[in-house]
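Take a look at the structure set out below.
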Amino acid sequence: MAFIIPIDSARTQFPDYEFVAALTPSAQKSAFHVRRDGKDFCLKIIAPNQALDRVQREVLAMQALDHPNIVKVLEYEYSAKAGTARHYMVEEFVAGDDLSAHMTPGQGWEIAKIAAVFAPLCDGLVALETNKIVHRDLKPSNVRMRPSGVPVIIDFGLARLLDMASLTATIDGATIGTPAYFSPEQFKGTKRDIDHRTDLYALGVLIYQAAVGRHPSFQSALKTMDELSDAVCTSESYVNDAAFKALDPKLQLIVRRLLEKERAKRPASAAIVAKVLREMGGA
Amino acid sequence: MRRGAWHQCGHNSQKLVGELMQAGLGVGAIISPKDLALENAKEYSTEYRALGKGVLFDPQFYEPEFLAGKLGTYPTSAFRQSIGALGALQPSAISALTKALETENRELGCEAVIAPAITYEAARPDIVALNARLFDAAKAAGDAIGVPTYATVVLGNSTTTSDVAHSILSNATALNADGWYYACEFDAQERLPTDVEAVYRYGSAGLTLACTGKPVLHACAGPLANISYGAGARGVGLGIWQNLWGFNRARFQPATGQGGGGDAPPRYFSVPLWGTIVHPDETLQLSAAQQAQVMQHSPYSQGLGIGVSWPTWESRKHQVHMIATATEPLAQMVNARQAMTAAVAALRSANALHTAIRNTGIQLRDNTDTYQSPWAAAGTRMLAQNTDDYAWLELSGGP
């Protein structure tokens, strides 16, 4: 169930902002495009959660980040006054569209475009790694593409609020957010198994989608979480996809390493992926 | 990490190590606190470093309550306690551990800090968490000194499946290590492992660590050094004692009083056999042609003839010399795949030579002919099945 706050109610709670439009809500937040002092922001009102201390620690780390491929977190507050709690964060508003708008089913990108988009995305992931932040919910809708073509990772940290134990809804029509980009350890592991290589797995899915034009594991025939879990955790049938096999062998190797079931076998860092992509893209 | 053979110090081996390094053999030494008090270790370290060699210190936290030998002379001895007690250490105690590690490594002039770790049953969640804390303490020490920090990773004897190995590796590689101090424990009943599956697992694990882009030092490699470089290692630990051929937890448990080998005849390490042969008892049985083939000499075996007494210490120096010099070309090869290809070829030759000797009715002692074929098979399997690992290693510029 999405956490929806009517825009009028939000206006009342945050009179300092001019509300431009409501953005897509999720289970964790209600988001709005807002303006203040002539600048655009993304205001996210956070749903009540039990992981407050973790969110606060991570947001503090996120606020320290200043990287061209990571959305800037400008404000964060949790307060309670007269029985009313306010829990929100303000990020820069990234004009442009999502990565998903650039992906066409059945059509793969040229290597130059893959390098131009995903090498900088890797740079952003390196910044997260260095600061010990794991996004956990990297997917096309969480990568904004500026009009200049620069990718920006958005909306991280909040995904931890998702109650993993409640992932029993069917994929079709699920309103808790799709796990189509979850790594094997997100399906079956404990929290301690999740580290920056979890984001690298999602990166592998994104690169595969961009290069091949479809998801490596998520097929329309899959109807339940268990079926998706099996596809992610055990199947490697994607390597037999004709379009995948037609890719540059180096790109195939990068994708295979990123999509390794075991974290130890994935690249140790997005930095090496960025380096190889740039070399392939002629940078 | 220096590329090549590191002397794995053990009982009474420090002078011998110095002599071998004086002769140009090896790139450094790994101090064993169990066998050498801190004050003496400082003296030897100074000597080794004056030769231009590197020094590392293995804190040997494997059985953390073990405090025998000279371990008590080191600052970290204050932290040798039960796993449960270690797990309950408060942050202030962890800071004190950092200080102790910094003191030891700084005083010994170590060029990297090897992190303490509880290596047996390393897949247990409580031990994973404890090892992460121990690593953080070591990393802080390394950062304070300004040297890299290597995480200790051991595939224990209980790692009987690839799933368990992967779990250990996934947890270990989550650490922000600058390199890996890696070893494997095999069946204590064997001098050297003969199970193809086990050797494949050890080799694949080493390759996985190398694919992180961080250097791997295969500790206590012994004759396994032959395939270590093919498994992605940059350095191998070579010791004179056979209980340093592989990671043996018995070294860190109270002695049973059972020893042996006092009057045993010396073993001659033969590169063509890639194993030992008893001299002169067994070498005498070989034909002249076989002797010439088997006995490739070192400076410590020159003039070795029948009837000439060969001091055991000379046989030990010969062994380390031969393993180090025979594997040096493998260390310098362009990539791990090439090194493994060469290693497999050498092992197949060794196996053929053993077969030829058996065919003349001679059965050599010490099961010295039992592991060459399994190791060749494991190496062959790695070349066939770990192609992505080798390709990734080459693509990412390792090892």
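In what follows, every chain begins at residue 1, and chains take the letters A, B, ... in the order their sequences are listed. Hydrogens, waters and symmetry mates are skipped; everything else that's a heavy atom, side chains included, is used.
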Q.
Going by side-chain hydrogen bond (donor to acceptor under 3.5 Å, both in side chains), name the residues that satisfy it together with A:K275, two or more places apart in sequence or in a different chain.
A.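 Only A:E279 meet the side-chain hydrogen bond (donor to acceptor under 3.5 Å, both in side chains) criterion with A:K275.
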Would one find more than 12 heavy atoms of other residues, nucleotides or ligands at under 6.0 Å from atom [atom1] of [X]?
X      : atom1 : value
B:K99  : NZ    : no
A:K250 : NZ    : no
A:N240 : CG    : yes

Q) Under 3.5 Å, is there a donor-acceptor pair between the side chain of B:S170 and the main chain of A:A264? A) yes
Atom [atom1] in [X], atom [atom2] in [Y]: separation rounded to 0.5 Å?
X      : Y      : atom1 : atom2 : value
A:K265 : B:D389 : NZ    : CG    : 3.5 Å
B:T173 : A:D195 : OG1   : CG    : 7.5 Å
B:T387 : A:L253 : OG1   : CG    : 9.0 Å

Q. Do you know which of B:L395, B:D388, B:N171 has the most heavy-atom pairs with chain A at a distance under 4.5 angstrom?
A.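 If we count pairs closer than 4.5 Å to chain A, B:D388 comes out on top.
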Q.
Tell me which of these, B:A132, B:S167, B:A174, has more heavy-atom pairs under 4.5 Å with chain A than the rest.
A.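 The answer is B:A174.
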Q.
Quick check on A:R197 against chain B: is it the side chain, the backbone, both or neither that has a heavy atom closer than 4.5 Å?
A.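 When you check distances to chain B, only side chain atoms of A:R197 fall under 4.5 Å.
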